[in-house]
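First the structure, in the form of structure tokens, and then the observations on it.
Predicted model, so just to flag it, every value in this text is computed and none were measured. When reading the values below, keep in mind they use all heavy atoms of this one structure, side chains included, and skip hydrogens, waters and symmetry mates.
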Amino acid sequence: MYSKKVMDHFMNPRNVGEIENASGVGEVGNAKCGDIMKIYLDIEDNIIKDVKFKTFGCGAAVATSSMATEMVKGKTIQEAMKITNKAVMEALDGLPPVKVHCSVLAEEALQAALWDYAQKNGIEIEGLKPPKSGDHHHIPENDE
């Protein structure tokens, strides 16, 4: 059973779309469940000015993407770094145990977008690690 907040973010997702020439883009996928998340960040003066997402997956994947983007908009990079899957789940009033991986994907997509931003700008963001490989893996662009 999903919370009202999960249903709201699934039925009325916030920040859906793409950002052209995004400061950072993170894409992660889970081979086991087929969920794919892509988060776009527009960062200016260390502040996340805009954020958009595209998610292919279940309702919980859409809801966690939507909530994660809401949570980082207007935040500094350091504040965005502190947003964990647990924080996303709490903001959504919880997820069923079989859907916890969706909140992990949301955290990883955000971290991957921050990593991409850092790589593009030749900067180091304290505490940021390269995107994980394994179950959650980078899906290459069609033109790569």
In terms of heavy-atom contacts, Asp50 and Lys52 come closest through OD2-CE, 3.8 Å

In short, Phe56 meets Gly34 closest at the heavy-atom pair CD2-O, 3.6 Å

Does the side chain of Lys75 reach to within under 4.5 Å of the side chain of Lys82, using non-hydrogen atoms? no

Minimum side-chain heavy-atom gap Cys102-Asp35 below 4.5 Å: yes

So salt bridge (charged side-chain N to carboxylate O under 4.0 Å, His left out) across residues 87-105, not counting sequence neighbours, yields Lys5-Asp93

Following the transitive rule for hydrophobic clusters with a side-chain heavy-atom cut-off under 4.5 Å over Ile, Leu, Val, Met, Phe, Trp and Tyr, establish whether Val100 and Ile83 coincide in one cluster. yes

The criterion is side chain to side chain contact (heavy atoms under 4.5 Å, CB included); which residues satisfy it with Ala80, sequence neighbours excluded? Ile48, Val72, Leu114

Determine the sole option in Leu41, Leu110, Asp42, Ile43 for which the side chain to side chain contact (heavy atoms under 4.5 Å, CB included) test with Val51 is passed. Leu41

With Thr84, which residues qualify under side chain to side chain contact (heavy atoms under 4.5 Å, CB included), at least two apart? Lys86, Ala87, Glu107

How long is the straight-line distance from CD of Glu70 back to CZ of Arg14, given to the nearest 0.5 Å? 6.0 Å

Among residues at least two apart in sequence or on other chains, which ones pass side chain to side chain contact (heavy atoms under 4.5 Å, CB included) with Thr55? Met37, Phe53, Ala61, Val62, Ser65

Working to the nearest 0.5 Å, report the span between OG of Ser3 and CG of Leu95. 7.0 Å

For Asn21, check side chain to side chain contact (heavy atoms under 4.5 Å, CB included) against everything at least two apart and list the hits. none

Please name the pair of heavy atoms, one in Ser66 and one in Asn15, separated by the smallest distance, quoted to 0.1 Å. O-ND2, 4.3 Å

Determine whether Ile36 and Ile39 fall in the same hydrophobic cluster, where Ile, Leu, Val, Met, Phe, Trp and Tyr are linked whenever their side-chain heavy atoms lie under 4.5 Å apart. no

Same cluster (ILVMFWY, side-chain, under 4.5 Å), Ile47 and Val25: no

Counting only pairs under 3.5 Å, give me each side-chain donor-acceptor contact of residues 119-130, with atom names and distances, residues two or more places apart or in other chains.
| unit_1 | atom_1 | unit_2 | atom_2 | d |
| --- | --- | --- | --- | --- |
| Lys120 | NZ | Ala22 | O | 3.4 |
| Lys120 | NZ | Asp116 | OD2 | 3.1 |
| Asn121 | ND2 | Tyr117 | O | 2.8 |

A side-chain contact here means heavy atoms from C-beta on lying under 4.5 Å apart; do Leu105 and Thr64 qualify? no

Flag yes if Ile77 and Val88 sit in one hydrophobic cluster, no otherwise; membership is Ile, Leu, Val, Met, Phe, Trp, Tyr, and two members link when side-chain heavy atoms are under 4.5 Å apart. yes

Same apolar cluster: Met7 and Met89, side chain cutoff 4.5 Å: yes

Could you tell me whether the side chain of Gln111 reaches within less than 4.5 Å of the side chain of Met81, counting heavy atoms only? yes

Testing the basics here: between Val6 and Ala63, what is the closest heavy-atom pair and its distance to 0.1 Å? O-CB, 3.5 Å

